[in-house]
Q: 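My questions will all concern the structure given below.
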Amino acid sequence: MRHLRMICALCLFLASGLAAAANYTLWINGRTGGGTIGNYNDFRYWGPGTTAAGVNKKAVNWDGRSSIASQSGKVRDALDCFCTGPNWCYVVTHSAGDLMMGYTLANYGGSARLKKNASPNTSGVCGNSDGSSQTGWNIKWVRAASGAAGGSELSDAGSWTTSEPLVQDLKTTTARAMYNHNTTRNIWFYMYAAAKGTAYSGILPGQDDEAVAYHSTGGVAGSSGGSYCNPSDWFCNDLTMGTAANEGGSAKWSYHSVVFRDDNEAYNHYANGNWGGIVGVVRSAVVNSAL
């Protein structure tokens, strides 16, 4: 009888541990800032918080103006909260959020992280769960909407407010030298490249979405940006799908794969507070895959 009670107690313990495990979908904003920092339910950057956007969705808000290095701690707080212990995360980034996530993984993804309890305080910091630690975070994948990890020529040209430290980080040569973009801790970055540019974005090479060109949104490696286009453009090398080298031979960063290329030039860069532009494409993909 005692053995039976011990077995039952063990089963209850295991069941409670399984019940505590959860998946989360983290949305990391880009330039101009998200909602209230530390409030993981403030989705004003993206659109109505009532819109489906993945399992247990959380808005990882940072100020979108300060340097990547100074704001990375806000993202690490969220990753510690929701992506340690038994919990796993899907991560979605937009624009400079791609640079932020890449920087954070490359520089901190191999560090010891205390396991957290997924119950944040008003500052967005969670308490320790059991006092143990793990290496890096539990992340299933990253989906990058108009990723700016390769920088933007709009920053090079001073088209944005140059007093913002983030604009300095977004210069093409600076962004590409900021960290080793090939170091993703074996986590896949799925890239969504939009191409509905406008006349004023003419300084962006190849296809662009008004703010970032294909060389960045497509995860193309190299020390500076190049000109890449859709297959319909005869005067520009194609950005290829998947992980394959682009037309002309340029490679993509390791663990970066183009899963959406805007061949119809239908989507621009901006969410416009209504899950719009390329963000809407990614949201639909996340709803269908983040379980």
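As a basis for the values below, the full set of heavy atoms in this structure was taken, side chains included, without hydrogen atoms, waters or symmetry mates.
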Q: Could you check whether any side-chain heavy atom of Met178 comes within less than 4.5 Å of a side-chain heavy atom of Leu99, counting everything from C-beta outward?
A: yes

Q: What pair of heavy atoms forms the shortest contact from Ile37 to Asp63, and how long is it?
A: CD1-N, 3.9 Å

Q: Starting at CZ of Arg261, measure out to SG of Cys229 and round the result to the nearest 0.5 Å.
A: 10.5 Å

Q: Can a donor-acceptor pair be found between the side chains of Ser70 and Ser67 at a distance below 3.5 Å?
A: yes

Q: Quiz question: by atom type and distance under 3.5 Å, do the side chains of Thr240 and Lys252 form a donor-acceptor pair?
A: yes

Q: Do the two ring centres, one from His256 and one from Phe189, sit under 6.0 Å apart?
A: yes

Q: Return the minimal non-hydrogen interatomic distance between Cys81 and Pro120, and the atom names on each side.
A: SG-CB, 4.2 Å

Q: One pair to check against side-chain contact (heavy atoms from CB on, under 4.5 Å): Thr25 and Arg283. What are the steps and the verdict?
A: CA-CA 11 Å; Thr25 307; Arg283 188 197 67 80; over 6 Å; no

Q: Carefully, step by step, assess Ser289 and Tyr90 under the rule side-chain hydrogen bond (donor to acceptor under 3.5 Å, both in side chains).
A: CA-CA 9 Å; Ser289 61; Tyr90 305 93; over 6 Å; no

Q: If the condition is ring-ring contact (aromatic ring centres under 6.0 Å, His included), which residues does Tyr103 pass it with, not counting sequence neighbours?
A: none

Q: Within the structure provided, determine whether Gln71 and Leu166 are in side-chain contact (heavy-atom separation under 4.5 Å).
A: no

Q: Work out which heavy atom in Gly206 is nearest to a heavy atom in Ser227; give both atom names and the distance.
A: N-OG, 3.2 Å

Q: Please determine whether a side-chain nitrogen of the Lys or Arg among Arg44 and Asp42 lies less than 4.0 Å from a carboxylate oxygen of the Asp or Glu.
A: yes

Q: Return yes if a side-chain donor-acceptor contact under 3.5 Å exists between Thr104 and Ser72, otherwise no.
A: yes

Q: Nearest 0.5 Å, please: how far is NZ in Lys115 from CG in Asp130?
A: 5.5 Å

Q: For residues Leu105 and Ile139, determine if any side-chain heavy atom of one lies less than 4.5 Å from a side-chain heavy atom of the other.
A: yes

Q: Is the shortest side-chain heavy-atom distance between Lys196 and Asn264 below 4.5 Å?
A: no

Q: Would you call the rings of His181 and Tyr179 parallel, tilted or perpendicular, where under 30° means parallel and over 60° means perpendicular?
A: parallel

Q: Measure the CZ-OG distance between Arg185 and Ser111 for me, rounded to the nearest 0.5 Å.
A: 8.0 Å

Q: Mind checking ring-ring contact (aromatic ring centres under 6.0 Å, His included) for His94 and listing every partner two or more places apart, or none if nothing turns up?
A: Tyr45, His269

Q: Are side-chain heavy atoms of Tyr190 and Val282 found at a separation under 4.5 Å?
A: no

Q: Can you name the closest pair of heavy atoms from Asp233 and Asp238 and give their distance?
A: O-OD1, 4.3 Å

Q: Anything under 30° is parallel, anything over 60° is perpendicular, the rest tilted; go ahead and classify Trp46 against Trp275.
A: parallel

Q: Would you mind telling me which of Leu26, Asn56, Asp77, Asn61 makes a side chain to side chain contact (heavy atoms under 4.5 Å, CB included) with Tyr40?
A: Asp77

Q: When you compare the side chain of Leu114 with that of Thr84, does any pair of heavy atoms fall below 4.5 Å?
A: no

Q: Would you please test Asn186 and Tyr255 for side-chain hydrogen bond (donor to acceptor under 3.5 Å, both in side chains) and show each step?
A: CA-CA 7 Å; Asn186 298 335; Tyr255 289 93; 3.1 Å; yes

Q: Indicate if Val92 and Trp88 have the same hydrophobic cluster label, given that clusters are the connected sets of ILVMFWY residues with side-chain heavy-atom separations under 4.5 angstrom.
A: no

Q: Answer yes or no: is there a side-chain heavy-atom contact under 4.5 Å between Leu154 and Ile203?
A: yes

Q: Take a 6.0 Å sphere around NZ of Lys74 and say whether it holds more than 12 heavy atoms from other residues, nucleotides or ligands.
A: no

Q: Mind listing the closest non-hydrogen atom pair of Tyr270 and Ala211 along with its distance?
A: OH-CB, 3.7 Å

Q: Report yes or no: does Glu265 contribute a side-chain atom to a donor-acceptor pair with the main-chain N or O of Tyr267 at less than 3.5 Å?
A: no

Q: Between Asn237 and Asn246, is any pair of side-chain heavy atoms under 4.5 Å apart?
A: no

Q: Find the distance between CG (Asp80) and CG (Asn87) and round it off to the nearest 0.5 Å.
A: 12.0 Å

Q: Going by ring-ring contact (aromatic ring centres under 6.0 Å, His included), name the residues that satisfy it together with Tyr192, two or more places apart in sequence or in a different chain.
A: none

Q: Calculate, to the nearest 0.5 Å, the distance between atoms CG and OG1 belonging to Asn107 and Thr183 respectively.
A: 9.0 Å

Q: I'd like to know whether Asp156 forms a side-chain contact (heavy atoms from CB on, under 4.5 Å) with Glu153, so could you lay out the CA-CA distance, the side-chain angles of the two residues, the decisive distance to 0.1 Å, and finally the verdict.
A: CA-CA 5 Å; Asp156 295 348; Glu153 286 76 10; 3.9 Å; yes

Q: Does any N or O in the side chain of Arg65 come within less than 3.5 Å of the main-chain N or O of Gly33, such that one atom is a donor and the other an acceptor?
A: no

Q: Output yes when a side-chain donor or acceptor of Ser216 lies under 3.5 Å from a complementary backbone atom of Gly150, and no otherwise.
A: yes

Q: How close do Val212 and Thr217 get, counting heavy atoms only, and between which atoms?
A: CG1-CG2, 3.7 Å

Q: Could you give the distance from OG1 (Thr93) to CH2 (Trp27), rounded to the nearest 0.5 Å?
A: 9.5 Å

